[in-house]
Structure formats: C-alpha cells, structure tokens
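Residue numbers run from 1 in the order of the sequence given.
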Amino acid sequence: MNNARFLVFDIDDTLYSQMEPLLTACEFSLGRKLPDPELFYRIFGKRSAEMFLFSESGQISIHESRIYRIENTMKDLGIPFTREQAELFQKRYKENQSHLHVSGVMTQLLDECEAAGVKMGVITNGPFSHQVQKFHTLGLDKWFTEDQLIVSAGVGVAKPDVQIFRMAEEKWGMKPENTFMIGDSLENDIAGAKNAGWKTIWMNHHRYTVPEGMEKPDYIAYTEEELRKLIVQICFTTKKDG
C-alpha cells in the first residue's frame, strides 16, 4: 500500500457547484439578471478571499465580512447596491446553502473511490461551524467522517499555508508524492499543495487560464465527468502500475 493514492478534496466549487446558489441570491437581491455572471463570480471570489483574511484575523466579524464582499463586488462591477440589498443577498445565500447537494457525477465518483478503498480527506477554508454544517448538508458524511475533515478555522491555519497540508499528512498518514489535492482555487488549493510537494488536480469549471509565472497544476478537469475519469485513471490504473 506504499504507493496507494490519497485524494484530498476542497469543498466549495469542487465537491459542489457554488455558482448557482450564489447567482440566484444575487439576482434575487438585485431584482434582475446579471449582465455577466462569470465576471461577477470571478470578482466575488477575489473579494471573498480578501474578506476571509480580515475575518480570520479578527479585524471584522464574519457577518460584516460577508456584507463587505458583496458590496465591494457590486462596486467593482459598477452596479448600484445598497446595504439593505447586501443584507437581503446574504440572507438568501444562506438559505440557498441549506439546500446544497452533491451532483450525480460526484456521487458516482465518491462511491467508486469508497468501493475501491481509496483513501480520502477534505481540507476547506472557512469558519469552523459553517463549514462543518455545509459538510453535513451536502451529505459528505456518507463518504467522510469528521475526522477526515480539516477546517482552517478549526486548526488555526488556512490554505495556501503549507502548514495545513503538513497537518493533513500527519493526521491521515499520507506521503506527499502520492497525495492529490483537488480544488478550484489556483492559489489556495493548487499552489499551496504544490509547495507542500503534493500532486494537484485543478477543478476548473470556469475555464480560467493559469497566470504567467504561476506553476501549472499537474492535471486540469473542466467538468465533473472529466474529473471522475481522471481520478479513475489515476487511482485505478496507475496504482496497479506502482
């Protein structure tokens, strides 16, 4: 088993699609369709990462960080947006998150990995109770125990810090060279894992490009089905080859 592959998943926009609940909440609070959903999603992701750092350091509350991220996103887009609309957005987004689900393709992938005895874990950035609740809402407890879940706020360090990857190695008994990080964030998931010596699979739903000067991921999957086929190849084919 020394050459057994270990799969570590991010949650948001990796094990489920984050865009649909986000867009419906935004368009509900705005009262109309967004002119460019992909641009909105890209900017929202950037603003979320910024506000996450502020809330993690205790500079602002989690709620205020969530209000600021949507307000700043709409400001960047040049769309008038009031504090009342921001509160409405966050309320609807929270409601949407109580109805999250793992897709049929991802269910098939996780079922196949579990049946084959592939070792798996989850590393996610975010507030501890919120991410644990999301973990259960998604039904991830069908394939993972809470001992197979690491939440940044619960351990005091977040991706892309190499320390959180080292914690995972120690906790789950993994070898870096046989471990694959699967995530949507180039900086947090891919660059962080590469710095730790892990293999990487970029879940690139939105077909972004790798910025010049940034190390490329080992593999890229543009759809969930591509990810499933890739992991089948990695875990069920190359494993036999040693």
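Counting heavy atoms from C-beta on, the side chains of M74 and Q85 never come closer than 4.5 Å. Put simply, the side chain of L39 reaches to within 4.5 Å of the side chain of R42, judged on heavy atoms. Between V8 and M174 there is a side-chain heavy-atom pair separated by less than 4.5 Å. Within the 4.5 Å cutoff, the side chain of N178 has no heavy atoms near those of the F6 side chain. Side-chain contact check for D12 versus K134: some heavy-atom pair is nearer than 4.5 Å. Residues L110 and E114 are not in side-chain contact: their nearest non-hydrogen atoms beyond the backbone lie 4.5 Å or more apart. For the pair S152/F52, a side-chain contact is recorded, criterion being any heavy-atom separation below 4.5 Å from C-beta on. Between D147 and K171 there is a side-chain heavy-atom pair separated by less than 4.5 Å.
Note on M167 and L149: separate hydrophobic clusters, where clusters join Ile, Leu, Val, Met, Phe, Trp and Tyr whose side-chain heavy atoms are under 4.5 Å apart, directly or indirectly. Grouping the Ile, Leu, Val, Met, Phe, Trp and Tyr side chains by contacts below 4.5 angstrom, directly or via other members, places V155 with I123. A continuous path of ILVMFWY side-chain contacts below 4.5 Å connects L186 to Y208, so both sit in one hydrophobic cluster. Tracing side-chain contacts under 4.5 Å through hydrophobic residues (I, L, V, M, F, W, Y), one never reaches Y16 starting from V105; they form parts of separate clusters. Residues M120 and I231 share a single hydrophobic cluster, defined by chaining ILVMFWY side chains whose heavy atoms lie under 4.5 Å apart.
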Trace of the side chain to side chain contact (heavy atoms under 4.5 Å, CB included) decision for Q131 with V122: CA-CA 11 Å; Q131 292 303 93; V122 175; over 6 Å; no
Run the numbers on V210 and W202 for side chain to side chain contact (heavy atoms under 4.5 Å, CB included), then give the verdict. CA-CA 10 Å; V210 179; W202 186 23; 3.7 Å; yes
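Proximity of a side-chain donor or acceptor of H206 to a complementary backbone N or O of E38 within less than 3.5 Å is not detected. Proximity of a side-chain donor or acceptor of W198 to a complementary backbone N or O of I190 within less than 3.5 Å is not detected. Listed for the D184 side chain is no donor-acceptor partner under 3.5 Å among the backbone atoms of T14. With hydrogens and angles disregarded, a donor-acceptor distance shorter than 3.5 Å links the side chain of T107 to the backbone of S103. Counting only distance, with no hydrogens or angles, the side chain of Q59 and the backbone of F54 share no donor-acceptor pair below 3.5 Å. Judged purely by atom type and a 3.5 angstrom limit, E64 has no side-chain atom pairing as donor or acceptor with the backbone of S61. Remark: side-chain polar atoms of N125 are paired, donor with acceptor, to backbone N or O of K159 under 3.5 angstrom. At distances below 3.5 Å, not a single donor-acceptor pair connects side-chain atoms of K194 with backbone N or O atoms of E215. Using modelled atom types, one side-chain atom of T200 and one backbone atom of D218 make a donor-acceptor pair closer than 3.5 Å.
The two residues E169 and A196 come nearest to each other via the heavy atoms OE2-O, 4.0 Å. Listed here is the closest heavy atom pair of F128 and G154: CD1-CA, 3.8 Å. Contact record, C113 with L7: SG-CD1, 3.8 Å, taken as the closest heavy-atom pair. Across P176 and R166, no two heavy atoms sit closer than the pair CG-NH1, 4.4 Å. Closest non-hydrogen pair, A86 versus I67, comes out as O-CD1, 3.7 Å. Smallest separation of non-hydrogen atoms from R5 and C235: CB-SG, 4.0 Å.
Looking at W143 and Q148, their side chains never bring a donor and an acceptor atom within 3.5 Å of each other. Side-chain N/O atoms of Q97 and K94 include no donor and acceptor closer than 3.5 Å. Remark: the S185 side chain and the D10 side chain contain no N/O donor-acceptor pair separated by less than 3.5 Å.
Annotation: the span from T124 atom OG1 to L140 atom CG amounts to 10.0 Å, rounded to 0.5 Å. To the nearest 0.5 angstrom, Q133 atom CD is 10.5 Å from L138 atom CG. Atom CZ of F81 sits about 9.0 Å away from atom OG1 of T73, to the nearest 0.5 Å. In this structure, the separation between CG on L227 and CD1 on I220 is 12.5 Å, given to the nearest 0.5 Å. One finds the CZ atom of R207 at 12.5 Å from the OG1 atom of T209 (value rounded to the nearest 0.5 Å). With values rounded to the nearest 0.5 angstrom, E84 atom CD is found 10.5 Å from S29 atom OG.
Between Y219 and F180, the angle of the ring planes lies from 30° to 60°, which puts this pair in the tilted group.
Annotation for E177: atom CD counts as buried by contact number, over 12 foreign heavy atoms lying within 6.0 Å. Counting heavy atoms of neighbouring residues, nucleotides and ligands inside a 6.0 Å radius, atom NE2 of H63 exceeds 12 of them.
Salt-bridge check for K229 with E226: failed, with every basic side-chain N at 4.0 Å or more from each acidic carboxylate O.
Of the residues listed (R83, Q90, K91), the one engaging E87 in a side chain to side chain donor-acceptor pair (under 3.5 Å) is R83, and it is the only one.
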